[in-house]
Number of protein chains: 2
Amino acid sequence: MGASKTHIFSPTHNELAHAAKVLAHPARVAILEYISKQDACICNDLVDVIGLAQPTISQHLNEIKKIGLLKGTFEGKNLCYCINQERWEELQHSFHQFFSNINRNCC
Amino acid sequence: MGASKTHIFSPTHNELAHAAKVLAHPARVAILEYISKQDACICNDLVDVIGLAQPTISQHLNEIKKIGLLKGTFEGKNLCYCINQERWEELQHSFHQFFSNINRNCC
DNA sequence: AATTAATATTGCAATATTACGATAAAGATA
DNA sequence: TATCTTTATCGTAATATTGCAATATTAATT
């Protein structure tokens, strides 16, 4: 009746789906890209850059955080978000695996 | 009020998000993997293999089809789904680009 | 033409997501 | 301490997704 039956799927499939879900909103893609493009860590011009309200940005950041893609540290006044490189490469690998493991000699 | 504001994002971000959405459900990940692993094209044991009702599988297949990842052809009695290799590689490339374009020298 | 098997569509209920105004919390500054 | 700035949380409304029973469609077989 409307809830995903995650229990019937393998951990691998669930994990990839879970990661994909984070990338499944353009705001989160844009946020990740923006954060990564900053050499310095001073963030949250995000509200202006992305064009969504501050609570909405905060929620999206939280989704990204929940999957471990952000490291947050305080530096002076502002909270600073950075890409968690280790986790990033983990997900990169998962997607790479998924796309590579496909058998194409069909039809 | 609940609807994604896709118009405020770039085509690139929207397209990646759109593709990610298709992978954002374990059933669809499992379906794609299963189809690709069949050397021959006779599909739709899917209902048994995946463990969801036939209409649900049909809907998931439709999502996958909508983004162009499936080629469907008739062969004898059964409809046959195969991975659309060209589109597959397009998406593979998009994800690869996204994951590579991230600047990691921060924090 | 009638039957069978496979797939698609419809309709509906449960749940999840998206968005934002209002408000709270935390820390810096005056 | 009062104020300002930044970020988080709450509450709520709109929309989207997930899942399946019932039903329809399609094509092959009898």
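A, B, ... follow the sequence lines: proteins, then strands. Residue 1 opens every chain.
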> Listed in order of residue number, which residues of residues 18-31 of chain B have a non-hydrogen atom at under 4.0 Å from DNA chain D?
Replying inline: Lys21(B), His25(B), Arg28(B)

>> If you assign Ser58(A) and Phe9(A) each to the DNA chain D nucleotide with the nearest heavy atom, which residue ends up on the more 5' nucleotide?
In response: Ser58(A)

>> Just the rounded figure in Å: distance from C1' of dT18(D) to CD1 of Ile64(B).
In response: 14 Å

> To the nearest Å, how far apart are Gln59(B) CD and dA13(C) C1'?
Replying inline: 13 Å

> Out of curiosity, Ile50(B) CD1 to Arg28(B) CZ, how far, rounded to the nearest 0.5 Å?
Replying inline: 12.0 Å

> For dT18(D), does OP1 or OP2 lie under 4.0 Å from any side-chain N or O of Thr56(B)?
Replying inline: no

> Looking at His60(A), does any N or O in its side chain come under 4.0 Å of the phosphate oxygens OP1/OP2 on dA19(C)?
Replying inline: yes

> Only one of Glu89(A), Arg87(A), His93(A) clears side-chain contact (heavy atoms from CB on, under 4.5 Å) with Leu91(A); which?
Replying inline: Arg87(A)

> For Lys66(B) and dT9(C), what is the distance between atoms NZ and C1' respectively, to the nearest whole Å?
Replying inline: 13 Å

> Ile57(B) near the nucleic acid: base, sugar-phosphate alone, or nothing, with a heavy-atom cut-off under 4.0 Å?
Replying inline: nothing

> Which listed nucleotide (dT9(D), dT9(C), dA8(D)) is nearest to the side chain of Pro55(A)?
Replying inline: dT9(D)

> Taking only residues two or more places apart in sequence or in another chain, which ones pass side-chain contact (heavy atoms from CB on, under 4.5 Å) with His18(B)?
Replying inline: Ile67(B)

>> With rounding to the nearest 0.5 angstrom, report the CD to CG distance, Gln59(B) to Leu61(B).
In response: 10.5 Å

> Rounded to the Å, how far apart are Lys5(A) NZ and dT18(D) P?
Replying inline: 14 Å

> Taking side chain as C-beta onward, heavy atoms only, is Phe95(B) less than 4.5 Å from Leu23(A)?
Replying inline: yes

> Taking the side chain as C-beta and beyond, is there a heavy-atom pair between Leu52(A) and His60(A) under 4.5 Å?
Replying inline: yes

>> Holding to side chain to side chain donor-acceptor pair (under 3.5 Å), I want the full list of residues that pass it with Glu63(A), two or more places apart in sequence or in another chain.
In response: Lys66(A)

>> How many whole angstroms separate atom CD1 of Ile35(B) from atom P of dT7(C)?
In response: 11 Å

> Whole Å only: how far is the NE2 atom of His7(B) from the P atom of dT15(D)?
Replying inline: 14 Å

> Between Thr6(B) and Leu61(B), who's closer to the 5' end of DNA chain C by nearest nucleotide?
Replying inline: Leu61(B)

>> Using whole Å, what does the distance between atom C1' of nucleotide dT7(C) and atom CG of Leu52(B) come to?
In response: 16 Å

> Separation of Ile50(A) atom CD1 from dA19(C) atom P, in whole Å?
Replying inline: 11 Å

> Do Gln54(B) and dA6(C) have a side chain to base donor-acceptor pair shorter than 3.5 Å?
Replying inline: no

